[in-house]
Amino acid sequence: MQFDVVTLFPELFTPFLTTGITRRAFESGQVKVKLNNLRDFAEGNYRRVDDRPFGGGPGMVMMAEPLSQCVTSIRAERADNVPVVLFSPVGQPLTHAMVTNWANSQGAVLLCGRYEGLDQRFIDTQVTEQISLGDFVLSGGEIAAMALLDAVARLQPGVLSDAESHVQDSFNPALDGLLDCPHYTRPEVWQGRGVPDVLLSGHHLHIERWRRDQRLTLTARLRPDLIAQARQAGHLTMQDEALLAKL
């Protein structure tokens, strides 16, 4: 798969693509990332990509023409017809299910907006999907693009040291979409706090029940909406429901 990133600051991606365990996906070419500097498609000595908004108001708006020229150039170099994605507050919240779909896709064109946003005419004619990281605003789409790339990269075969580790992630269908349970490692006692006895018992059925109970308890307390989704999907057992009734 290949992701073409359109950005005013391609240098921000250099450490991201070469650092950490996910670099394996980028260095191997499992997830190809091509950086496109939007200013290369702007006209004039100053390579201007933004202008004042019609109707007045604060801030600047990214101009449609440089964006259109850049996307046209990207499409001319690609043999496929991948989506053009804009990271925006009006987009669909990014979820595990969406990440899984992207991880099995051919990639996309990722638009990293800046300033007050993009000329709406460009959005209406060339953007096919909008994604949000949450109910807050960033100074640009670069961090959002990195978040998507990171989430996609870690799902590729061979990227994580333990191929099964991502199966136990929060929101994963293997956990029925629940939050993951707490985890512990050595030493057994740290600053007077011990590890739950069940985790030291060696009794795998008891350990798995404890972890399930912890996931249910944590999710019910912090994300009751996920409990409702799991219940609606028929993922909760009678034992699960008995525990939830006691909370």
Side-chain angles (χ1 to χ4, degrees), residues 1-26 30-41 49-50 53 58-64 66-68 70-71 74-75 78 82-156 159-160 166 169-172 179 223:
M1 72 186 68
Q2 178 173 318
F3 289 91
D4 284 272
V5 180
V6 179
T7 175
L8 292 173
F9 302 99
E11 63 273 14
L12 292 177
F13 289 84
T14 301
F16 166 73
L17 295 173
T18 57
T19 305
I21 199 168
T22 53
R23 76 183 188 283
R24 296 174 180 175
F26 306 126
Q30 287 174 281
V31 181
K32 297 179 181 179
V33 178
K34 182 179 179 183
L35 303 175
N36 302 269
N37 192 329
L38 183 60
R39 293 196 188 279
D40 293 341
F41 299 87
V49 298
D50 63 306
M60 305 289 278
V61 177
M62 297 182 73
M63 301 164 66
L67 288 162
S68 180
C70 184
V71 171
I74 291 171
R75 289 205 178 280
R78 298 190 61 140
V82 294
V84 176
V85 178
L86 174 64
F87 297 99
S88 165
V90 306
Q92 291 294 316
L94 187 62
T95 64
H96 177 81
M98 291 169 62
V99 169
T100 301
N101 288 336
W102 285 115
N104 294 289
S105 73
Q106 293 180 299
V109 178
L110 305 181
L111 302 174
C112 302
R114 285 272 164 174
Y115 315 122
E116 290 298 308
L118 282 57
D119 190 306
Q120 187 63 40
R121 292 168 294 184
F122 172 80
I123 296 175
D124 292 340
T125 56
Q126 299 205 36
V127 172
T128 57
E129 187 165 345
Q130 299 192 57
I131 294 176
S132 171
L133 291 192
D135 295 341
F136 58 94
V137 178
L138 297 165
S139 58
E142 285 77 12
I143 291 176
M146 291 180 200
L148 176 60
L149 291 171
D150 181 271
V152 166
R154 67 188 302 276
L155 294 184
Q156 302 307 310
V159 172
L160 300 182
H166 69 77
D169 289 341
S170 294
F171 315 115
N172 197 289
L179 299 178
R223 290 292 304 274

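What you see is a predicted model; the values in this text were computed from it and never measured.
Side-chain contact between Arg223 and Phe171 is present, with at least one heavy-atom pair separated by less than 4.5 Å. Counting heavy atoms from C-beta on, the side chains of Phe16 and Asp150 come closer than 4.5 Å. A heavy-atom distance below 4.5 Å is found between the side chains of Glu142 and Phe9. No side-chain heavy atom of Arg114 sits less than 4.5 Å from a side-chain heavy atom of Asp50. Looking at heavy atoms from C-beta onward, Asp4 lies out of side-chain contact with Leu110 at the 4.5 angstrom threshold. Looking at Leu111 and Val84, their side chains come closer than 4.5 Å, going by heavy atoms from C-beta outward. For the pair Tyr115 and Met62, the minimum side-chain heavy-atom distance is below 4.5 Å.
To the nearest 0.5 angstrom, Ile143 atom CD1 is 8.0 Å from Leu12 atom CG.
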* Test side-chain hydrogen bond (donor to acceptor under 3.5 Å, both in side chains) applied to Gln92 and Ser132, step by step -> CA-CA 6 Å; Gln92 291 294 316; Ser132 171; over 6 Å; no

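The closest donor-acceptor contact from the side chain of Gln156 to the backbone of Val152 lies under 3.5 Å. No donor-acceptor pair closer than 3.5 Å links the side chain of Thr7 to the backbone N or O of Cys112. Looking at Arg23, its side chain does come within 3.5 Å of a backbone N or O of Gly20 through a donor-acceptor pair. Listed for the Thr18 side chain is a donor-acceptor partner under 3.5 Å among the backbone atoms of Thr14. Asp40 places no side-chain N or O within donor-acceptor distance of the main-chain N or O of Asn36, the cut-off being under 3.5 Å. Side-chain atoms of Asn37 never come within 3.5 Å of backbone atoms of Pro10 as a donor-acceptor pair (strictly under, hydrogens ignored).
Around CD of Gln120, the count of heavy atoms belonging to other residues, nucleotides or ligands within 6.0 Å exceeds 12. Atom CD of Glu116 has more than 12 heavy atoms from other residues, nucleotides or ligands within 6.0 Å.
Pairing each heavy atom of Pro53 with each of Gly59, the nearest pair is CD-O, 3.3 Å.
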